[in-house]
Each structure stands twice: as structure tokens, then as C-alpha cells.
2 protein chains.
Amino acid sequence: MNRLLPQMVVTDDRIMCMLEAMDEVHLTKGELVLKQGRVSNYYLLLDGYMRGYTHDENGAEVTTNFFAGPRAVLDATSFFGRQPSRENIVTLTDCRGYLLTLDVLNKLFHEMPEFREFGRAILVRELVIAQEQKLAHINLSAEDRYRQLVERDAGLMQHAQLRHIASFMGVTDTSLSRIRRELANKK
Amino acid sequence: MNRLLPQMVVTDDRIMCMLEAMDEVHLTKGELVLKQGRVSNYYLLLDGYMRGYTHDENGAEVTTNFFAGPRAVLDATSFFGRQPSRENIVTLTDCRGYLLTLDVLNKLFHEMPEFREFGRAILVRELVIAQEQKLAHINLSAEDRYRQLVERDAGLMQHAQLRHIASFMGVTDTSLSRIRRELANKK
DNA sequence: GTGGGTTCTTGTCATTTGGCAAGTGTCGCG
DNA sequence: CGCGACACTTGCCAAATGACAAGAACCCAC
């Protein structure tokens with residue numbers, strides 16, 4: 001379990017066994033994991049990169065998330081609320097992970113008390129990620145946000161397009177281009 | 001329960017009874033609910049307003065959250081991870097709610113299966129709030145963020161200071177002042 | 001009242017960012 | 001090879017925001 005989800009609180013052999021007994025789901029680069037209008041699944045991503053995006057009121061695409069395994073990939077509102085999602089999620093690389101439905105998840109919660117804490121820890125981690133990213137927008141400049149992004153996940157830079165990174169950062173691709181030039185000059 | 005937490009998924013008489021059997025905790029304006037360095041509690045806020053804040057690397061205060069009842073008030077990392085919090089939370093008005101410890105919460109989870117879904121729904125709601133606020137920073141101008149803030153909770157404006165709202169929005173108080181002037185002129 | 005502290009606004013100027021258009025580079029396809 | 005599509009960069013100017021300092025408004029204790 002530590003190997004799979006290093007930052008998780010729970011390390012339990014039974015959970016590890018249970019997961020490893022499940023069938024791994026493999027996805028190839030470019031696959032649409034979640035389509036706008038459908039109800040989200042719960043994908044326990046082990047390896048690979050994904051990108052989540054929506055559209056703003058002008059119809060322009062907005063990247064809302066990057067996912068790097070190991071991490072839970074889902075639209076929480078859609079998955080738990082059984083509502084159509086407003087997000088799209090697409091793979092940036094080949095991916096490997098486990099696919100969970102709400103039924104399976106609830107069954108696991110019911111049959112395996114230790115799994116409940118595991119599920120809660122995952123939700124808490126998603127919450128922490130969202131809050132950290134929100135904070136980055138509040139008190140970091142675009143340049144600092146970019147630096148932080150690169151430093152925390154250099155691998156992402158190899159798989160995501162700059163315009164998507166720019167849109168995720170909340171700046172135009174023009175601005176990001178300038179920021180990258182400044183950074184290159186400084187070194 | 002609908003009365004208490006209108007946006008919650010779960011509406012269950014047993015939970016309602018259980019909550020109403022608990023002692024209400026009353027706080028007065030200006031009280032520090034969570035102090036940096038301590039482990040967070042879980043405050044189920046029914047009525048009132050609160051503000052969460054930290055400090056950036058320069059020591060400047062940054063407002064990270066506004067809470068309007070009914071809502072769960074906690075630092076999730078600190079509460080579930082039993083770690084010292086980096087946040088401070090202070091009441092902006094007199095407040096009314098229930099105070100839960102992790103022990104009590106876990107006991108409720110164990111004894112009352114329907115409470116588990118209730119707890120999960122609260123976590124999901126916090127996640128949705130954080131993601132929405134992050135999205136607002138990505139694709140809304142400062143002026144639009146301010147408009148949205150006013151429209152979604154006019155009451156907040158009566159209790160929070162403008163400089164705190166500015167810091168929450170990620171702009172200087174100078175900028176917010178100008179934005180408010182523009183908006184006033186437009187009408 | 002008066003004084004002092006705090007909050008908010010305003011002015012001036014520098015910096016950052018956006019919008020737009022043009023230019024460069026890369027890639028795949030016929 | 002040449003073409004077009006796409007991603008990225010760059011230049012130019014306008015708009016938004018920040019930094020700093022001064023002033024106005026408000027509150028509150030004495």
C-alpha cells in the first residue's frame with residue numbers, strides 16, 4: 001500500500017490484498033476517461049498522467065486539474081451525487097489503475113471497516129490539494145506558481161502542453177511564454 | 001436536518017435527533033476557534049460567520065477562507081491527520097453550532113451507519129467549495145470574483161473587513177477599493 | 001470633545017498581464 | 001518535397017494590478 005499510495009495514512013495488508021486482487025485497468029494516451037454529461041467513475045490511478053478540463057461561459061476550454069499517479073481521479077460531486085459531470089478527463093499518457101463504481105466502493109465500505117478510513121483519507125487528500133492550489137492563486141505570482149508546478153512535478157512538463165498548463169495556471173499562453181523566457185534568462 | 005444543512009444529501013431523522021441531543025456551543029464575535037500550531041477541532045457551524053487565515057513567507061496575513069453557517073469548519077489535514085494546524089480561524093460574529101472531536105466523530109461513524117454518509121457528504125461539499133474557488137481564480141477577473149462573492153453571500157460583506165476580502169480574493173486592498181468604485185459607477 | 005489607532009480611499013507611477021497579429025518551428029500527410 | 005495544421009514565441013500597445021504615500025472616514029478610550 002505504501003508503494004501504491006505513499007502519502008496515504010492507511011497502510012493495511014487487507015486493503016492491499018483486496019486491491020491487488022482487482023483487475024488492473026489499462027488506458028492508452030488520449031483516451032477520454034470522463035465525458036461531460038456522464039456520471040463520473042472513481043479511477044484509482046497508479047501510473048500515468050491525466051488532465052481535467054471544462055469550458056467557461058465563452059466556450060473556451062479551461063484546464064481544471066492535472067493528475068499524476070498515484071492519485072484518485074474522479075469528479076466528486078458527480079460520483080457521490082450521481083449527477084452528470086461538467087468535467088472532461090483525458091489521459092496524457094498510457095495509464096494503469098483500478099476502476100471503482102459507487103456500488104463497489106460502498107460494498108467495500110460496508111464489508112471492510114478499515115477501507116472506510118482509506119476512502120476518507122483519499123477524500124481529505126483531494127481536499128488538501130484543492131485548497132493548496134487555491135492558496136497558490138491567492139498569494140503567489142504567476143511566475144512563482146509556474147516554478148512551483150515545475151518543481152513539484154517535473155514529469156508533468158514532459159506530457160502536458162504549455163497552453164494547457166497556462167490555462168491551469170489562470171494565465172494566457174502568451175504570458176506563460178514570457179514567464180518561461182524570464183526564467184530561462186535568470187539562470 | 002434540511003433546516004440545518006440544506007445542501008446536504010442526507011436527510012435522516014436519527015442524525016437530526018442525535019445532533020439536537022448534543023450541546024450547542026456558542027461563541028462570541030472575535031473568538032479564536034482554531035489557533036495555529038494546535039490540532040483542529042470539527043465545528044459544525046449552524047449560524048454565524050468565521051474567517052480562516054495564515055501567513056505567507058513574508059509574514060503577511062492571508063485570508064484563506066470565509067465560513068457562513070451552516071457549514072463544517074475545520075482544517076481537514078490537521079483534524080484527520082492529528083497534526084498541528086497552520087491555519088487560524090476566528091469568529092466574525094457570534095456563532096452557534098456543535099463541537100465534535102475525532103473520537104466522537106469516529107464513535108458516531110461506528111455506531112450509526114447513516115452518519116457515515118453524512119460525514120462523507122460534508123467532506124465532498126468542502127471539496128466542491130475549494131475546487132469552485134480555485135476555478136474562480138483561474139477563469140474570472142478580480143471584478144467578476146468580487147461580484148460573485150457579493151451575490152453569493154451578501155451577509156458576508158456586512159461582517160468581513162474589505163482588506164480581508166481583498167486578501168481572500170488575491171488582490172491588494174487598493175485594487176479592491178478601485179474595483180468597488182468602478183462597480184458603483186456602472187450602476 | 002480630543003487624540004490616536006485603524007480602515008478605507010485616492011493619486012502617481014512602475015510592473016504585470018491581456019489581446020491581437022505576425023512569425024517560427026515541428027510534425028504528419030499526400 | 002510542399003502543404004497545412006498545430007503549438008509556441010515575439011512584438012506592440014492597452015488594460016489591470018501592485019507599491020507606496022497621503023489623505024479621509026470611522027471608532028473608541030479617556
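We use all heavy atoms of the structure for the numbers below, so side chains are in, but hydrogens, waters and symmetry mates are not. Order of the sequence lines fixes the chain letters, A, B, ..., with proteins taken first and strands second; residue numbering starts at 1 for each chain.
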Have a look at [X] and say if it touches a base, only the backbone sugar-phosphate, or nothing, with a 4.0 Å heavy-atom cut-off.
X        : answer
A/Arg180 : sugar-phosphate
A/Arg181 : sugar-phosphate
A/Thr174 : base

Which nucleotide in [options] has an atom nearest any side-chain atom of [X]:
X        : options               : value
A/Arg178 : D/dC12, D/dT9, D/dC8  : D/dC12
B/Val171 : C/dT7, D/dT9, D/dG18  : D/dG18
B/Leu162 : C/dT12, C/dT9, C/dT7  : C/dT9
B/Thr172 : D/dA19, C/dC8, C/dG18 : D/dA19
B/Ala142 : C/dT7, D/dT17, D/dT10 : D/dT17

Checklist entry - Do the rings of A/Phe118 and A/Phe115 sit parallel, tilted or perpendicular, given the 30° and 60° boundaries? => result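 Tilted.
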Interatomic distance, [X] [atom1] vs [N] [atom2] [rounded to whole Å]:
X        : N      : atom1 : atom2 : answer
A/Arg163 : C/dG18 : CZ    : P     : 17 Å
A/Asn139 : D/dT17 : CG    : C1'   : 16 Å
A/Asp173 : D/dC6  : CG    : C1'   : 12 Å
A/Leu183 : D/dT9  : CG    : P     : 12 Å
A/Tyr146 : D/dC8  : OH    : P     : 11 Å
A/Ile179 : D/dT9  : CD1   : C1'   : 14 Å
A/Ile165 : D/dT9  : CD1   : P     : 10 Å
A/Leu176 : D/dA7  : CG    : C1'   : 12 Å

Checklist entry - Are A/Arg96 and A/Asp47 close enough for a salt bridge, meaning some N to O gap below 4.0 Å? => result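 Looking at A/Asp47 together with A/Arg96, the answer is yes, because their closest N to O distance falls below 4.0 Å.
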Item to check | Sole residue of B/Asp153, B/Asp94, B/Thr91 in side chain to side chain donor-acceptor pair (under 3.5 Å) with B/Tyr49 | outcome: B/Asp153
Checklist entry - Does a sphere of radius 6.0 Å around NE2 in A/His110 hold more than 12 heavy atoms from other residues, nucleotides or ligands, not counting ones at 6.0 Å or beyond? => result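 Result for NE2/A/His110: open.
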Next on the checklist: Atom CZ of residue position A/Arg82 - does it have more than 12 heavy atoms of other residues, nucleotides or ligands inside 6.0 Å?
Outcome noted: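 Yes.
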Checklist entry - Does D/dG18 have OP1 or OP2 sitting under 4.0 Å from an N or O in the side chain of B/Ser175? => result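 Answer yes for this pair, as a side-chain N or O of B/Ser175 is under 4.0 Å from OP1 or OP2.
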